[in-house]
Amino acid sequence: MNLDVDRDRLVREIEELALISDAPAPAVTRIVFTPTDLKARAWLIARCEQAGLVVRQDPVGNIFARWTGSDAIAPAVGTGSHIDAIPNAGRFDGVVGVLGGLEAIRSLGRSGFRPKHSIELLVFTSEEPTRFGIGCLGSRLLSGSLSPSAARVLADKDGASLEEVRKKAGFKGELDKVELPRGYYKAFVEMHIEQGPLLERQKVPLGIVTRIAAPASLRISVEGAGGHAGGVLMPDRRDALCAAAELILAIENVAKTCGTIDTVATVGICEVFPGAVNSIPSRVHLTVDIRDTSLERRDAVLRDIQAAREAIAAKRQVSIEENLLNADAPTECAPEIIEALSDSCKKCKQPFILMVSRAYHDSLFISRIAPVAMLFIPCWNGYSHRPDEFAAPEDIARGVTILAETLAGLAG
Ligand code: GLV
Ligand code: MN
Ligand code: MN
């Protein structure tokens, strides 16, 4: 097979998609179901249709673009990722797996290859948790990991429910129809930037993911007592922000002292009420994101955070409520898909390492219904979720070649 990846067109497409953004370039902000997200979806669907793929969207907006195989009813081979982007993000997170997946399909078509199993590009809705508080919304529903009734009550910060928002965006079917039948995919391969520095540091161009770390997220609400910044003396205070600050440091300490670098914890949001210079904070909302490759250790961190929360609440006479948004299990990638990716790297004489994904991905959930593995390419300095996120064109093109080879092997 003579694969000829059109690197220049792919780079132009990545740049074009990056301009459909609610933040000025080079930053990208594309939150699910905003007019910008809908514009990006329409742009992408047009490209899939130009490539001759048959496109459908499900009731939560997952996009399926299919190259029908000679055995049209056989399970499909899937690839893809997401195009939503957190506030002030970069151009490559998710996009490399979507536009790279499209280019893998186009280059296979140009080479004269014809699949037996259909090859399907899947663009997941809301991999990022920005709007509805939990990540991987589309893949959770596809895999039956989130029930339609639990999904219906998710709401954004303005109180708009997922039901309301998706229907307004034009996705009107019932959420009960989203879950895929078992056996729908024969295999699923997601290409992604590494979002960490290991490939670059080790000067290896490709990583094959063997395990995906498990995320858990908490929303924490601290209620103290507000008052006048001059009038209330220090012994009489129940300052919610001081209690929250103590809790944030306790969370950092729990993650730092649990004896492994595989545990990470982040407080990414801290909202302070009423937020006035001369008013004692009465209420604070925090979000906590905890990841680990071991479910037991991650759950032990959750228990330690709960103990710290109770101790700080008692000591400072404030109330601290915790709401667990999700606590997912890590996954092992499928040995046969890891092998298919390794074989493609060997065939193309490309060095690779086996590695863990410390970020989560839709593949975490798809692994519950299909054999899955991921292909990582390097990103500059390991930077991601920031505007200067960068993946070199040659690294992207190399990843697309390996992805195309692998899809061909699986779908042949
Ligand atoms: C995905 O964006 C993650 O936060 O791991
Ligand atoms: Mn991301
Ligand atoms: Mn991503």
Side-chain angles (χ1 to χ4, degrees), residues 14 17-18 21 23 27-32 37 40 44 62-63 79-101 121-140 145 188-199 207 209 211-218 255 262-269 287-293 298 325-331 355-367 372-379 382-391 396 399 403:
I14 292 171
L17 181 53
S21 161
V28 177
T29 299
R30 211 162 33 233
I31 312 295
V32 67
D37 176 53
L44 181 67
N62 291 309
I63 302 168
T79 190
S81 195
H82 62 99
I83 59 165
D84 64 320
I86 65 164
N88 210 38
R91 278 174 286 168
F92 300 93
D93 175 4
V95 166
V96 153
V98 171
L99 290 174
L121 180 71
L122 176 42
V123 187
F124 296 99
T125 287
S126 196
E127 191 268 352
E128 302 291 4
T130 315
R131 185 154 190 182
F132 293 105
I134 58 168
C136 301
L137 191 55
S139 54
R140 280 179 198 272
S145 308
F188 192 88
V189 189
E190 179 172 2
M191 178 166 82
H192 206 281
I193 55 168
E194 182 200 339
Q195 304 183 286
L198 297 184
L199 291 174
V209 174
R211 280 153 75 210
I212 306 176
S217 346
L218 301 170
D262 287 335
T263 310
V264 289
T266 308
V267 177
I269 297 178
T287 61
V288 191
D289 173 310
I290 305 142
R291 320 268 178 119
D292 209 312
T293 47
R298 204 275 321 279
L325 299 178
N326 63 286
D328 303 302
T331 202
M355 62 194 305
V356 170
S357 171
R358 297 181 186 282
Y360 60 70
H361 299 282
D362 294 295
S363 287
L364 180 67
F365 295 97
I366 297 302
S367 75
V372 161
M374 295 186 70
L375 180 65
F376 276 179
I377 61 164
C379 54
Y383 288 169
S384 184
H385 283 185
R386 39 189 283 178
D388 52 0
E389 178 180 272
F390 178 74
I396 299 173
L403 178 64

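These numbers were taken from a predicted model, which means no experiment stands behind them. Just so you know, ligand 1 is whichever comes first in the structure, and atom 1 is the first atom listed for that ligand. Keep in mind that the numbers below use all heavy atoms, side chains included, and drop hydrogens, waters and symmetry copies.
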Around the Mn ion (ligand 2), number of protein N/O/S atoms which are nearer than 2.8 Å: 3

Nearest option to atom 1 (C) of ligand 1, as decided by whichever heavy atom of H82, Q195, E127, R358 sits closest: E127

What do the steps show when you test T79 against L122 for side-chain contact (heavy atoms from CB on, under 4.5 Å), and what is the final call? CA-CA 6 Å; T79 190; L122 176 42; over 6 Å; no

Using a strict threshold of under 4.0 Å (side-chain N to carboxylate O), is an ion pair present between D262 and R358? yes

Contact (N/O only, under 3.5 Å) between H385 and ligand 1: yes

Please indicate whether any nitrogen or oxygen in R291 is less than 3.5 Å from any nitrogen or oxygen in ligand 1. yes

Will you find, in the side chains of N88 and H385, an N or O donor that is under 3.5 Å from an N or O acceptor? no

Is the side chain of [X] donor-acceptor paired with the backbone N or O of [Y] at a distance under 3.5 Å, no angle test?
X	Y	value
D37	R30	no
D84	E128	yes
T266	G268	no

Could you list the atoms of ligand 1 found under 4.0 angstrom from a heavy atom of A359? 5 (O)

Using a strict 4.0 Å cut-off to heavy atoms of E128, name the atoms of ligand 1 that fall inside it. 1 (C), 2 (O)

Taking non-hydrogen atoms only, is H361 closer than 4.0 angstrom to ligand 1 via side chain, backbone, both or neither? neither

Compute the centroid of each ring, for F124 and then for Y360, and state whether the two points are separated by less than 6.0 Å. no

Centroid-centroid under 6.0 Å between F376 and H361 rings: yes

Short N/O/S contact of H361 with the Mn ion (ligand 3) (below 2.8 Å): no

How would you list, by chain and number, every residue that makes a ring pair (Phe, Tyr, Trp, His ring centres under 6.0 Å) with F365, sequence neighbours excluded? none

